[in-house]
Structures are given as C-alpha cells and as structure tokens.
Number of protein chains: 2
Amino acid sequence: MVGKKTSITSIAKHLGISTTTISFVLNGKAQEKRISDQLVKKVLDYVEEIDYKPNALARSLRTGKSNTIALIVEDISFPFFSAIAKEIEAKAYKSGYKIIYSSTENDTAKTEELIEIYQEKHVDGYIIVPPTGIQAKIVELCASGKPVVVLDRYLEGVQTDYVLVNNDESVYSATKYLIDQGYKNIAFITLNSLQSQMLDRLSGYEKAILDNNLTPIIQKLTPAGRLEREKELLSFLEKKCSSIEAIVFSTNYICVGGLKAIKQLGLRIPEDIAVVSFDDYELFEMYSPAITSIAQPIEAISENAINLLLSRLGKKASEVSQNPQKIILSTTFVPRDSCTK
Amino acid sequence: MVGKKTSITSIAKHLGISTTTISFVLNGKAQEKRISDQLVKKVLDYVEEIDYKPNALARSLRTGKSNTIALIVEDISFPFFSAIAKEIEAKAYKSGYKIIYSSTENDTAKTEELIEIYQEKHVDGYIIVPPTGIQAKIVELCASGKPVVVLDRYLEGVQTDYVLVNNDESVYSATKYLIDQGYKNIAFITLNSLQSQMLDRLSGYEKAILDNNLTPIIQKLTPAGRLEREKELLSFLEKKCSSIEAIVFSTNYICVGGLKAIKQLGLRIPEDIAVVSFDDYELFEMYSPAITSIAQPIEAISENAINLLLSRLGKKASEVSQNPQKIILSTTFVPRDSCTK
DNA sequence: TTGAAAGCGATACCAG
DNA sequence: CTGGTATCGCTTTCAA
C-alpha cells in the first residue's frame, strides 16, 4: 500500500519478471502467448493480493480506445431522455462500454463545448440528440472517424446514422383520430423551434387538417422557461377556448402546462376541450381523465441506437461512415378518455 | 489533417520550437514564464488553424487529475435523481469538472464494479447514493484519498461527507398532521429494505403513532419489479381498506402504485382514504385530488453535495478525510387535497 | 525567454 | 515462452 505505488512496473520489479508478461496475463493473452501456468498464477495471486488496478488512462493513451461512449441529450431530467439513458447504459455496459452523458439544454454553444471535451477525452463513439445549429460541428465530428448516432432529430446535410420516429405520420393519424371523433376546431400547440421533430409533428397536423378541409389553428410558444410558457399557454387558451374543441400538444411537458391552464380556466376534458399529447408520460395515464397520447418506443430507440453504434465501433475509421443508416421507428397511439366524444 | 497527427510534438516540429513553450502557452502560463508575445501569437494562431485539441488522457496521466467527478445514483430515470444529476452537472461544469454518472439499481455487485471502473479511470471525486452492503467498498474508496460524498442514505461506520434529509422528523410531522386532522387508522407502506432513509422514515412514522397511542399498521413490499409491487399493493389494500383511514407512502413511486390500486378498488381520496407521500412529484400536484407530499430540497441537496466535494478537491489526500461533514437538510411539507377531512 | 529530457503507466513490437 | 524498449501525448523540473 505504501512505498512504491502500484503500477505494472512495480509489480514487475517485485516479482522479478517483465512488464510484458504481466500485461499479457492481465489481458487474457496468457494462453495465446503460452505463458507458463505457474507464472500466470504467480502474477494473478500477487495482483489479487495488492488489489492492483491497471490505470485506464495509460491504457487508453496507448491503445487509443477508452471504452467510453458519450451520450448527449437535451435534458437528462426529462423522463423520455432519462429512460433512454438508462436503457442505453445497461446495454452498453454488457458490451464493456461505459456511458458518459450530459444535457445540452438545446444550447448550441454548450453542446459544441461538450463535444470538444469528449474529443479531448477520446471517447470511442457518440450518441447525440442535437440542438439546432450544430450541423457543422457534427459533420466535423463525423469526419474525425468516430462513429456518431443521431437521435430524435434529423439534421439536414449530415451524413450519419439516425434513429428517429415517424413524427409526421404519428401526428397525422392522431389528428385524424380526433377528426373522426367529430372534432372540427382542432388546435396544435408547439414550441417555436426549428428542431426537425417539432417541425415534422407540426406538418403531420397540418396535413391532416388540410386533407379534411378544416382550418389549422397553430400556436407556437417561446421555448424559454417553464413559467413563461405556462403563462403564454394560459393567455392563449383564455382567448381561444370558446372556439377550440380539441388540442394536440407537440410534446408532453407542453401538455402538462396546458392541463394546468385548462384546469385553471375551469374547462372540462373532454366535454369542453379534448386533448392529445405527443410523447407518453406516467402522469397522462393517471390524470383524470386519462390523457390520450402518442407513445414513443423508448426501448426500441435505445436498442437501435446502441446496436448501431456498437456495430460501428469494431470497424476502422475509414469504414465507419459507410452506408449510414436511417432507422425510423413507429410510435404507438394510446387512446384514453381525454378525447372521446 | 493528414500526415502527422496533431500532437504537441508535431506542432513543435512544425513551428520549430519546443513542446515546453507550447505547453506553457496552452496552459495560460505564458505571462508567468514570460514567453514573448509574438511566440504566443504564433502558437495560438497555428493551434487555431489546425483546430488542435490536447489529449486529455495524456494530460491526466501526467498530472494525475482527470477533472471528472463520478455521480453514482440508484436510478437515473427516477425524477428525484435525474433532477439532482442535472443540478450537480451544471454546478460542476462551472468549476471545470465533468460529471460522469451511472445507476446502481441498488445492486451492490454492480456498484462495486462501477467504483472500480472509476478508480481505474482516476476520477477526482465521488458522489454516491449507496446500495446496502457497500460499506466496505466505500471505506476502501475513502482510504484511497479521493473525496467521497454520500447522498440520500447514511452508512453506519463510514466516515465521510454526507448530505441527507431529516427523514425521521419529516415523516413524524406528516403523520402527526394526519393525526391532527382526526385520522386514527393510519398505515405506512414502504419497501422491505434496509436502506437507512427508508428505515428512518418508518421510524418517524412509528414514533408519531406511538406518541399518540395509536396502532401502527406497517406494510413492507418486496423491492422487486414494479408490476409485482403493484399487485402486492392491490391485495394489501383490498384486504385492509375498510379498516384504514389514511396511508403514508415512504416514497413517490410506491405512492403512484397505491393511487392505481385505490382507483381500481373504487375508493375515493380523501373521503374513503387519505394519502400522503414522501418525495414530491409533478404527478402529485396534477392528480385529482392533488396529493399531499413531503418535498425534498433538490437544489440544496445538489448544491451542498457538489460544494462539499469541490472544497475537498483542492486539498491533498491526507487532508481530504479531515472533519467529515454531515449535512442534514429539511424537507418541505406540501399540504394538498388528499388528506383534508 | 526558451529548450532538453525525464516520466506518468500501460501496450506492442522485435528479439532471443 | 519471456524480456527489453520504444511509444502514446503531455507536463514539469532543470539548464542554458
């Protein structure tokens, strides 16, 4: 414990053998290199005895592999992302990879910095939920030869692996569902954001409305803080609630704000106003009435993302960017009581 | 881009100066070492031009510092932990530290492995929400000289920094609140777990009940999976609901299961049964009726934990374990409609 | 003001 | 079968 700190060299000195031999033993190459059983035992016993742990930094420096994957999401405290993080972590772990994650909060500059830090740390691959405006950096990152899987959002002009859901169609059919129930004045509430998934959801809504000769009612909230958003929501609903029969929310936390506003205005769901939200949430199942939603396939998203990445990790840099995949998964429509006429 | 890969040596060669000078410039020691302005500029310009990023692995290997803190929680997909993770990450980031986190799922073996991996990676400090049975490992970890802050739970016999809440008192006064409202048959539903925070919450309940000459009704669920837990909850309530007037849940996800069971049994809250839960949750605020809860001070917990750790990080190993702190924070009782008689 | 060289702790090539 | 040694990329005395 004291004296010479434990390193492969100190062990070599102590046992009177070379570092090479120890390295082979510790990396399971004893068979392959035909190290004698007794030497192997001697090494393993001593390593056990002093509880030696190889220095992963030194190893990574030498091998160029860190066995670490960076997972960059919008906000780790959103249930959607933390659920994905958990799944991906578990799966990566089984393949010997550690996940190291961070939240971008949709801040492009912060994200660029994060990517740079990870590059400096030489992580082996990236799974990224990109904020807008990050295209150039991602292109650069891909060019570095490390595999990159983009999640949740599509980036125009970035050739890499994607795992997405069919936002457009999902919202189209959810809106169609409302129309089929007999609703006519259907609003869509979203963020004023250029993120592809938001735009696709909006476009799904618009198509459904136009295909059925109805009039779109679209409200785009400032992405800002929660309180501000809720104020905006309240004043929008206050003005419009008499003319709106149903609302489609583009994501779950906006819907939660909407539910608060609806309650505050004393409106009943679904009698006064019907509600559907993108991205299911435990709260929706428990709410009275239960809120109809479009559930994303969290497990499939995670699984596809990590499998895609792992499959690239074996390859050499030149092959990494071959045949980029674009995996588009289907959501599940979960009809509940918030929109039954 | 091609040819010699970017390293401090290749830059040195290209510019015809020494690596030392470059290192000084890059680490802001140019003033101190009185490097000439023109040389500084030359270096910075070239570094900018080729977009050079120092290899953090090599740097850490040399300096023994990784500027990384390990955050080990029970489950990153629990709102409580992901909220803490987010706060801690933000604060660490401002001090130049990266957070790297994992979930233990209360699995002791997995946690030991995690700690070992982090030791190999030479992280600078640890913030840990410990599973039971991890004492020895934590003691060993502390002995390694790296600062360790334990969160949420107390470990008997482990001398280190703690950030906890007053579980005992919080539940005592919540139970007392129910008693003061006139409830007599008050049950406590918890996990069958030896985690200190769970035991303390239980003991707070028991004290309040005994102090008021009532009879404790305690149900300990198997920690197993969610579905199984919900089944247990349902069958417990089915049997006991006629005799129970109020329930205190030891944590939010058990309460959610309880709410499902209560609804399924057609019981009304608070008329048939009153409800209080430890650990507030957005769902409780939105539920009908809104659920009374004991809110933990997430921001204060995070802030104290990271500040404590940062304050130790400056010190040398021998001083790290001096004067271990035990910070106990107060919760906030949030009375809502689920227990008004 | 700047540079040479040692060394952090592992791996991997080449010998023998 | 095992060992010597260069090397990964950087920091940091010590000298000049």
Side-chain angles (χ1 to χ4, degrees), chain A residues 3-44 47 50-68 117 119-124 144, chain B residues 3-44 46-47 50-67 117 119-124 144:
Chain A
K4 45 190 159 196
K5 34 198 131 120
T6 108
S7 79
I8 208 169
T9 329
S10 69
I11 298 182
K13 217 166 278 171
H14 178 94
L15 294 180
I17 60 179
S18 86
T19 60
T20 313
T21 310
I22 301 176
S23 175
F24 284 155
V25 172
L26 260 34
N27 290 302
K29 295 189 184 158
Q31 299 290 340
E32 183 190 331
K33 300 293 179 179
R34 325 221 300 179
I35 311 276
S36 70
D37 286 0
Q38 58 161 341
L39 234 191
V40 171
K41 188 169 160 20
K42 188 160 136 192
V43 171
L44 291 180
V47 160
I50 64 169
D51 193 29
Y52 163 73
K53 300 202 182 55
N55 184 326
L57 293 172
R59 174 181 289 169
S60 297
L61 175 59
R62 183 62 240 237
T63 60
K65 285 211 31 144
S66 60
N67 284 305
T68 302
I117 292 177
Q119 288 187 291
E120 291 172 8
K121 292 205 187 242
H122 290 247
V123 304
D124 298 328
S144 80
Chain B
K4 45 189 159 198
K5 36 198 131 129
T6 108
S7 79
I8 208 170
T9 329
S10 68
I11 297 181
K13 217 166 279 170
H14 179 93
L15 295 180
I17 60 179
S18 86
T19 62
T20 314
T21 310
I22 301 176
S23 175
F24 285 155
V25 171
L26 259 32
N27 291 303
K29 294 188 185 160
Q31 300 289 341
E32 183 190 332
K33 299 292 179 179
R34 326 222 297 179
I35 311 276
S36 70
D37 286 1
Q38 58 162 341
L39 235 192
V40 170
K41 185 166 162 23
K42 188 161 137 191
V43 170
L44 291 180
Y46 186 61
V47 160
I50 65 168
D51 194 28
Y52 164 72
K53 301 205 183 50
N55 184 325
L57 294 171
R59 173 181 290 169
S60 297
L61 176 59
R62 182 64 234 244
T63 60
K65 286 209 32 145
S66 61
N67 285 306
I117 293 177
Q119 287 186 291
E120 291 171 9
K121 291 203 187 239
H122 291 247
V123 303
D124 298 327
S144 79

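Just so we're on the same page: letters track the sequence lines, and every chain starts at 1. No hydrogens, no waters, no symmetry mates; every other heavy atom, side chains included, goes into these values.
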**Message:** Are A:Arg59 and B:Leu61 packed together at the side-chain level, in the sense that at least one heavy-atom pair is separated by less than 4.5 angstrom?
**Reply:** no
**Request:** Starting at atom CZ of A:Phe24, determine the distance to atom P of D:dG4, rounded to an integer number of angstrom.
**Result:** 13 Å
**Request:** Evaluate the criterion side chain to side chain donor-acceptor pair (under 3.5 Å) for residue pair A:Thr6 and A:Lys53; output intermediate values, then yes/no.
**Result:** CA-CA 8 Å; A:Thr6 108; A:Lys53 300 202 182 55; over 6 Å; no
**Request:** May I ask you to say what A:Lys65 touches in the nucleic acid, namely base, sugar-phosphate or nothing, with a heavy-atom cut-off under 4.0 Å?
**Result:** nothing
**Request:** Grab the CG-C1' distance between A:Leu57 and D:dC10 for me, whole Å please.
**Result:** 12 Å
**Asked** CG of B:Leu61 versus P of D:dT11: gap in Å, rounded?
**Response** 11 Å
**Asked** For the side chain of A:Asp124 and the backbone of A:Lys65, is there at least one donor-acceptor N/O pair under 3.5 Å apart?
**Response** no
**Asked** What integer distance in Å separates B:Asn27:CG from D:dG9:C1'?
**Response** 13 Å
**Item:** Any side-chain heavy-atom pair of A:Phe24 and A:Val40 under 4.5 Å
**Value:** no
**Request:** Remember a base hit wins even if backbone is also touched, and classify B:Ile17 as base, sugar-phosphate or nothing at under 4.0 Å, heavy atoms.
**Result:** sugar-phosphate
**Message:** From the set D:dG9, D:dT11, D:dT13, return the single nucleotide nearest to any side-chain atom of B:Arg59.
**Reply:** D:dT11
**Prompt:** Between atom CD in A:Gln31 and atom C1' in D:dC1, what is the gap in whole Å?
**Reply:** 13 Å
**Message:** A side-chain contact here means heavy atoms from C-beta on lying under 4.5 Å apart; do B:Leu15 and B:Lys42 qualify?
**Reply:** yes
**Asked** Do the side chains of A:Asn55 and B:Glu120 get nearer than 4.5 Å, heavy atoms only?
**Response** no
**Prompt:** What does A:Leu39 touch in the nucleic acid at a heavy-atom separation under 4.0 angstrom: a base, only the sugar-phosphate, or nothing?
**Reply:** sugar-phosphate
**Complete:** A:Asp37 atom CG is separated from D:dC1 atom P, nearest whole Å, by 10 Å
**Asked** Hey, does B:Ser36 reach any base, or is it just sugar-phosphate, or nothing, if we go heavy atoms under 4.0 Å?
**Response** sugar-phosphate
**Request:** Assess whether one donor atom and one acceptor atom, taken from the side chain of A:Thr19 and the base of D:dG4, lie less than 3.5 Å apart.
**Result:** no
**Item:** Nearest non-hydrogen partners of A:Ser60 and B:Leu57, listed with the distance
**Value:** CB-CD1, 3.6 Å
**Message:** Between the opening five pairs and the closing five pairs of the helix from C:dT1-D:dA16 to C:dG16-D:dC1, how far apart are the helix axes, to 10°?
**Reply:** 40°
**Asked** So, A:Ser18 versus A:Thr21: side-chain donor-acceptor pair below 3.5 Å or not?
**Response** yes
**Request:** Assign A:Ser60 to base, sugar-phosphate, or nothing according to its heavy-atom contacts below 4.0 angstrom with the strands shown.
**Result:** nothing
**Request:** For B:Ser23, answer base if it contacts any base atom (sugar-phosphate contacts may also be present), sugar-phosphate if it contacts only those atoms, and nothing otherwise; contact means non-hydrogen atoms under 4.0 Å.
**Result:** base
**Prompt:** Earliest and latest nucleotide of DNA chain C, 5' to 3', sitting under 4.0 Å from a non-hydrogen atom of chain B?
**Reply:** C:dT1 to C:dG9
**Asked** Tell me: CG of A:Leu15 to C1' of D:dG3, nearest whole Å?
**Response** 14 Å
**Request:** Measure from the side-chain heavy atoms of B:Ile8 and tell me the nearest of D:dC8, D:dG4, D:dC10.
**Result:** D:dC10
**Heavy-atom neighbours of A:Lys41 NZ exceed 12 at 6.0 Å** = no
